[in-house]
Undergrad: 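One structure, as structure tokens, below. Some questions next.
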Amino acid sequence: MKNRFATISLGVLAEMLFAGALVGIGWIISLLGEVYLR
Amino acid sequence: MTRAAGKSFWRPVGYYMGMVIVTLGVLQIIPMLVSVLYGEWDVAIIFLLTGSLAVLAGCAPVALLHQDRPARIGWREGMVVTAGAWFVGMLFCALPYRFSGNYLSYLDACFDVMSGLTTTGLALVQDMDHLANGINMWRHMLTFVGGQGMVVLALTFLASSTGSAYKMYVGEGKDERLAPNATHTARYIWRISLIYLLLGTFVFWLAGLRLGLSWDRALLHGMWIFMSAWSTGGFAPMSQNILYYHSALYEIITMIFFIIGSFNFALHHAVLQGRKRELVKNVETLSMTITMTALTLLATIGFMQNRIYPDAMALFRKVFYQLISGHTTTGFMSIYARQFYADWGELALFAITVAMLIGGSACSTAGGFKGLRMAIIFKSFLKDLRQMSVPESRIILTKYHHIRDIVLEDQTARSAFLIVTAYIVTYAGTTLAGMLCGYPFSLASFEAASATGNVGLSIGLATPAMPSALKVIYIAAMWMARLEFMAVLALVATLVRKVGNR
């Protein structure tokens with residue numbers, strides 16, 4: 001039971017990190033846009 | 001040889017549709033309780049009456065046809081049940097909206113219900129900022145239930161025949177088996193969604209408290225925004241949508257949850273069972289990463305040309321946010337609708353329209369062509385190119401990774417092409433309908449992509465003032481696209497054949 005909870009928690013964390021990485025790509029492209037605009 | 005739809009066909013259809021209507025009636029207890037809690041007695045009485053009506057109307061066919069129902073139903077029956085239940089369900093779910101006085105007509109109420117159930121997010125409600133909490137609860141619940149699949153919900157609790165359940169499950173646009181049978185798969189989908197509902201509501205509640213909302217308002221807004229984000233729905237309790245919160249933190253949290261919400265349930269299943277590498281190996285997440293990056297670059301180049309937004313933060317919150325919201329088919333907005341028309345320019349509008357049409361993952365809450373089909377079509381194209389460059393006697397095998405390595409077969413590629421073609425034809429037809437109603441191409445095209453992709457971003461065309469014919473066409477587009485065409489086409493073909501036989 002304890003192991004199952006840990007596996008699910010780590011899975012949720014992994015999905016959040018992956019989604020965060022996609023958001024990070026958006027932030028990097030926005031930064032590149034700002035560099036160009038300057 | 002095709003079989004005419006006789007009594008033996010309609011009896012199981014009526015029985016299972018009755019089950020879904022009962023479920024939709026029982027669900028109205030939740031907004032009724034919210035209304036009671038906030039002393040909204042008139043709204044509570046509306047939910048009591050409309051919920052009771054749905055339960056009675058659903059129980060009648062279930063009780064009458066219980067003895068006659070077959071142990072298993074065919075594919076056509078399953079598809080017709082699903083499409084029919086979504087349509088009749090819309091008629092019943094719109095009753096509380098209409099009686100609340102927040103809609104100018106029953107058609108507007110039906111539009112909002114179909115928009116919610118299909119997780120689109122276009123809204124025709126009046127005075128959204130002063131809606132009763134019970135009505136807001138119902139709006140967001142419809143999105144949440146529609147996202148996981150309302151037939152799936154009914155099956156989870158009521159169906160006993162798992163063979164019949166699978167056909168209705170497929171009819172609802174989901175075709176992945178996470179468990180040996182459809183009922184267990186449906187339960188698993190709900191378990192994943194409820195785990196995230198608890199987590200998401202808690203995170204949004206904390207963010208709401210930080211923004212200065214009272215504890216109960218932060219909780220309700222948190223739960224509603226999560227339901228919308230997870231279901232890639234796009235509804236929000238305030239008319240300014242996500243812009244109302246004026247918070248980068250709130251926007252980032254919504255992005256995280258709606259990106260996760262757009263993932264395939266089979267991917268959730270694999271990752272939550274410990275196969276975390278699937279996130280970076282799966283063809284759908286790879287496809288989404290590539291298309292999202294390319295389209296964000298394109299939209300950003302568009303804004304470099306018109307220089308509307310001066311810095312990275314503005315580009316991130318105003319351009320990337322709408323783009324990823326459109327790509328995941330969520331429809332949350334952190335700008336006003338008219339800004340698309342006034343500020344975005346042709347290049348950025350093109351990028352976001354393509355993003356809306358591509359959409360999220362298959363077997364998820366998202367709409368659009370789906371990343372899996374984009375990847376299959378791309379791989380199929382590469383396979384044909386490679387086949388042309390080798391001797392005819394040599395057969396080229398192409399594989400893609402989706403939960404496991406799969407050999408790309410012609411039948412799979414053909415199915416993907418057919419569904420994408422159906423989306424494009426529906427999008428073109430809906431755009432044409434908008435132009436025939438007198439709207440310019442850019443407005444008609446954007447709103448058509450939003451309705452067909454079940455997105456919900458609006459350029460300002462979808463208002464109560466738009467022609468009734470266009471509202472009906474948008475309802476049909478949202479309904480067909482959400483069920484990925486086959487179920488609605490089966491229903492229409494059956495009804496046409498029945499009329500023809502008379």
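Labels below follow one simple rule: chain letters A, B, ... track the order of the sequence lines, proteins then strands, and each chain is numbered from 1.
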Undergrad: CD/B:Gln273 to OG1/A:Thr7 distance, rounded to the nearest 0.5 angstrom?
TA: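 One gets 9.0 Å once the value is rounded to the nearest 0.5 Å.
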
Undergrad: Would you say A:Glu15 and B:Tyr196 make side-chain contact, with heavy atoms under 4.5 Å?
TA: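 The answer is yes; the side chains approach within 4.5 Å.
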
Undergrad: Measuring heavy-atom distances to chain A, does B:Ile324 have an atom under 4.5 Å in its side chain, in its backbone, in both, or in neither?
TA: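 When you check distances to chain A, no heavy atom of B:Ile324 falls under 4.5 Å.
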
Undergrad: Does any heavy atom of chain A fall under 4.5 Å from the side chain of B:Tyr321, the backbone, both, or neither of them?
TA: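 Neither the backbone nor the side chain of B:Tyr321 comes within 4.5 Å of chain A.
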
Undergrad: Let's test your reading of the structure: which of B:Ile259, B:Leu267, B:Leu272 forms the most heavy-atom pairs below 4.5 Å with chain A?
TA: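 Top count of heavy-atom pairs under 4.5 Å with chain A: B:Leu272.
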
Undergrad: Ignoring hydrogens and angles, tell me if any N or O in the side chain of A:Glu34 forms a donor-acceptor pair with the backbone of B:Asp311 under 3.5 Å.
TA: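 Not a single qualifying donor-acceptor pair exists.
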
Undergrad: Need one label for B:Phe258: side chain, backbone, both or neither, based on atoms under 4.5 Å from any heavy atom in chain A.
TA: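 Neither part.
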
Undergrad: What closest approach, in Å, do B:Val280 and A:Phe18 show between heavy atoms, and which atom pair accounts for it?
TA: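 Closest approach of B:Val280 to A:Phe18, heavy atoms only: CG1-CE1, 4.2 Å.
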
Undergrad: With rounding to the nearest 0.5 Å, note down the distance linking OH in A:Tyr36 to CD in B:Gln305.
TA: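 Answer for the OH-CD pair, A:Tyr36 versus B:Gln305, is 7.5 Å.
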
Undergrad: Would you find more than 12 non-hydrogen atoms of other residues, nucleotides or ligands less than 6.0 Å from B:Phe350 atom CZ?
TA: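 No, because the 6.0 Å sphere around CZ of B:Phe350 holds 12 heavy atoms or fewer from other groups.
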
Undergrad: For chain B, which candidate among A:Leu32, A:Ile28, A:Leu22, A:Val35 shows the most heavy-atom pairs at distances under 4.5 Å?
TA: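 The answer is A:Leu22.
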
Undergrad: Is B:Thr296 close to chain A through its backbone or its side chain, or both, or neither, when contacts mean heavy atoms under 4.5 Å?
TA: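 Contact with chain A: backbone and side chain both.
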
Undergrad: Pick from A:Ser30, A:Gly33, A:Ala19, A:Ala14: which one has the most heavy-atom pairs with chain B under 4.5 Å?
TA: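 Most heavy-atom pairs under 4.5 Å with chain B: A:Ser30.
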
Undergrad: Would you say the side chain of B:Ile195 lies within less than 4.5 Å of the side chain of A:Ile8, judging by non-hydrogen atoms?
TA: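 Yes, their side chains come closer than 4.5 Å.
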
Undergrad: Please state whether the side chain, the backbone, both or neither of B:Phe316 comes within less than 4.5 Å of a heavy atom of chain A.
TA: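 Contact with chain A involves both backbone and side-chain atoms of B:Phe316.
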
Undergrad: Could you look at B:Met304 and say if it's the side chain, the backbone, both or neither that has a heavy atom under 4.5 Å from chain A?
TA: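 Interface part for B:Met304: both.
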
Undergrad: Looking at B:Thr285, B:Ile301, B:Val319, which makes the most heavy-atom pairs under 4.5 Å with chain A?
TA: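 Most heavy-atom pairs within the cutoff with chain A belong to B:Thr285.
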
Undergrad: Using non-hydrogen atoms and a 4.5 Å limit, figure out which bit of B:Leu323 sits close to chain A: side chain, backbone, both or neither.
TA: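 Neither; nothing under 4.5 Å.
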
Undergrad: Let me know which of B:Val271, B:Ile192, B:Leu199 forms a side chain to side chain contact (heavy atoms under 4.5 Å, CB included) with A:Val12.
TA: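 Only one option passes, and that is B:Leu199.
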
Undergrad: According to ring pair (Phe, Tyr, Trp, His ring centres under 6.0 Å), who are the partners of B:Tyr250, at least two apart in sequence or on a separate chain?
TA: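 Counting only residues at least two positions away or on another chain, B:Tyr250 forms a ring pair (Phe, Tyr, Trp, His ring centres under 6.0 Å) with B:Phe204, B:Tyr245.
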
